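All figures in this text were calculated on a predicted structure; none of them were measured in a lab. Both counts, for ligands and for their atoms, begin at 1 and track the order of listing.
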Amino acid sequence: MDPQEKLLASLNTAISGATLKKLVLSRPSDKSIIRTEGRIYNKEGIVLQLETHKTDGKVLHKNLPASEAAEYVMSLLGDYRQINLLTTGGDLEARLSSKGKLLVSGKVGSGEAVELSHDRVKKVFLRDGEVYPFLIALGVSDEKGRVFDKKRAKFRQIDRFLHYIDDIYPKLPRGELYVLDLCCGKSYLTFAAYWFLTEVKGRTVKMVGADLKQDVISYCSSVAEKIGFDGLSFVCCDIYKFEPERRPDLVLSLHACDIATDIVLTNAARLGAEVILSTPCCQHEINSQLNTRSELGSALAPVLEHSLIRQKLAVALTDALRCKRLEASGYSVDVTELIDPENTPKNLLIRAVRTQMSERRREAARKDFDSLCSAFGISLFGGNGSDMTEPTRIIYNKEEN
Ligand SMILES: C[S@@+](CC[C@H](N)C(=O)[O-])C[C@H]1O[C@@H](n2cnc3c(N)ncnc32)[C@H](O)[C@@H]1O
């Protein structure tokens with residue numbers, strides 16, 4: 001079988017036989033394209049969805065019925081110099097040589113059908129080109145709703161965050177929602193979350209954004225007033241001292257600097273927030289404590305030798321300990337990536353949902369926390385780091401002033 005025929009037959013087998021895990025078209029001739037990825041889903045029969053990622057941040061979708069999909073992908077050869085087929089029956093790579101010759105390696109045999117979802121088309125809450133007064137007021141888009149290039153990454157980030165709010169939405173109680181965004185900064189996320197909960201979900205929401213900076217708080221307050229977000233207010237304060245008017249239903253925090261993330265998590269857990277969504281920022285406490293004297297010390301020497309590698313270990317330990325502290329407080333915790341990791345290294349999202357966790361599991365989390373600290377010779381968060389009921393003042397040995 002010649003390479004063209006082999007590629008076409010493999011595409012047909014993988015798509016019609018539903019064994020395709022992923023299709024990747026790379027090395028595009030059009031420099032405005034990064035790559036195109038394809039996956040199958042079920043919509044009255046198998047459909048191949050192609051997702052083209054562009055350098056300006058746009059993502060274009062094209063859906064093809066199985067009967068047309070393989071031929072269409074073949075027609076893209078030339079526009080892309082490489083096609084990779086990942087299937088449950090083996091993988092195949094097709095490359096165009098510099099002389100334009102098609103070289104095919106690997107094999108796609110029969111494999112198990114993948115589980116087909118009924119709708120692979122991604123939910124999008126915020127659409128570029130649609131008018132949202134809050135995005136216009138915040139300078140993210142123009143009057144026609146077109147997102148400014150320099151704000152595209154922020155736009156994607158907050159849209160993604162809304163997906164995570166949508167995921168945990170069933171965990172939120174009925175009645176008026178009380179939501180906090182701690183260390184809200186210029187409050188793109190705060191406005192987006194308020195818009196989402198009130199206008200998409202139709203809820204009555206009281207939301208407070210808190211930040212140290214008076215200028216951003218004044219600015220955000222004036223924007224909220226201007227666009228009529230009546231339930232949204234802003235306070236200028238150190239979140240370390242912030243006392244909400246009642247137990248929050250949802251606490252959000254995006255890139256709260258340094259130990260501010262820990263203050264957010266500690267306070268949110270101490271107040272018994274129903275759900276906490278936090279994307280941590282950098283934190284240096286552990287990095288400065290790592291040394292070769294700890295239990296793991298000598299074995300760790302090659303990791304600690306290079307500051308960039310050492311930092312990665314410190315970040316991983318910090319976030320793992322944050323999760324354990326939340327578990328010790330009765331939260332069910334998971335960690336995911338906020339957006340495409342190409343966009344920012346500070347991309348981890350900690351999702352914590354309050355549960356009726358047994359004392360035994362909480363105790364186990366406390367023990368895990370203590371073991372990890374002692375293995376690495378770390379003394380974080382003061383004497384009893386896993387106790388989230390401690391006021392932050394004690395945890396950080398920070399004096400009241
Ligand atoms: C990197 S910015 C993130 C802002 C916003 N959440 C975002 O993602 O666009 C961090 C913000 O945390 C605020 N911040 C840091 N420590 C704080 C504290 N102890 N209390 C209140 N705000 C704090 C800073 O003023 C800054 O606006």
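- Residues satisfying the side-chain hydrogen bond (donor to acceptor under 3.5 Å, both in side chains) test with Tyr132, not counting sequence neighbours, are Glu130.
- For Cys281, the heavy-atom gap to ligand 1 stays at 4.0 angstrom or more.
- Atoms of ligand 1 lying under 4.0 Å from at least one heavy atom of Ala260, given by number and element, are 16 (N).
- Taking a 6.0 Å sphere around CZ of Arg246, one finds it holds more than 12 heavy atoms contributed by other residues, nucleotides or ligands.
- Backbone and side-chain nitrogen or oxygen atoms of Leu254 are examined, and one is located within less than 3.5 angstrom of a nitrogen or oxygen of ligand 1.
- Of the candidates Asp181, Asp238, Thr190, the one placing a heavy atom closest to atom 19 (N) of ligand 1 is Asp238.
- Heavy-atom distances between Cys257 and ligand 1 reach below 4.0 Å in at least one pair.
- Under a 4.0 angstrom heavy-atom cut-off, Gln157 registers as lying outside contact with ligand 1.
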- Could you walk me through whether Asp149 and Arg146 pass the salt bridge (Lys or Arg N to Asp or Glu O under 4.0 Å) check? CA-CA 9 Å; Asp149 283 348; Arg146 286 175 303 218; over 6 Å; no

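- At a heavy-atom distance under 4.0 Å, atoms from both the backbone and the side chain of Cys183 approach ligand 1.
- With a 4.5 Å cut-off on side-chain heavy atoms, Leu349 and Arg351 count as touching.
- Below 3.5 Å of separation, one finds an N or O of Lys154 facing an N or O of ligand 1.
- Using a 4.5 Å heavy-atom cutoff, the side chains of Leu50 and Leu76 are in contact.
- Residue pairs meeting the side-chain hydrogen bond (donor to acceptor under 3.5 Å, both in side chains) criterion with at least one member in residues 219-231: none, sequence neighbours excluded.
- Heavy-atom separations between Lys186 and ligand 1 are all 4.0 Å or longer.
- Neither the backbone nor the side chain of Ser253 has any atom closer than 4.0 Å to an atom of ligand 1 (non-hydrogen atoms only).
- At a heavy-atom distance under 4.0 Å, no atom of Ala210 approaches ligand 1.
- Between Tyr331 and Thr355, the side chains place no donor N or O within less than 3.5 Å of an acceptor N or O (distance only, hydrogens not considered).
- Aromatic ring pairs are classed by plane angle as parallel below 30°, tilted from 30° to 60° and perpendicular above 60°; the pair Phe134 and Phe191 is parallel.
- For Ala256, no nitrogen or oxygen atom sits less than 3.5 Å from a nitrogen or oxygen atom of ligand 1, counting backbone and side chain alike.
- A side-chain donor-acceptor contact under 3.5 Å links Asp128 to the backbone of Val147.
- The atoms of ligand 1 that sit less than 4.0 Å from any heavy atom of Cys184 are 4 (C), 5 (C), 6 (N).
- Close approach of ligand 1 to His255 is summarised as follows: ligand atoms under 4.0 Å from at least one heavy atom of the residue are 1 (C), 2 (S), 3 (C), 10 (C).
- Near Cys237, meaning under 4.0 Å from one of its heavy atoms, ligand 1 places the atoms 20 (N), 21 (C).
- For the pair Lys21 and Thr88, the minimum side-chain heavy-atom distance is below 4.5 Å.
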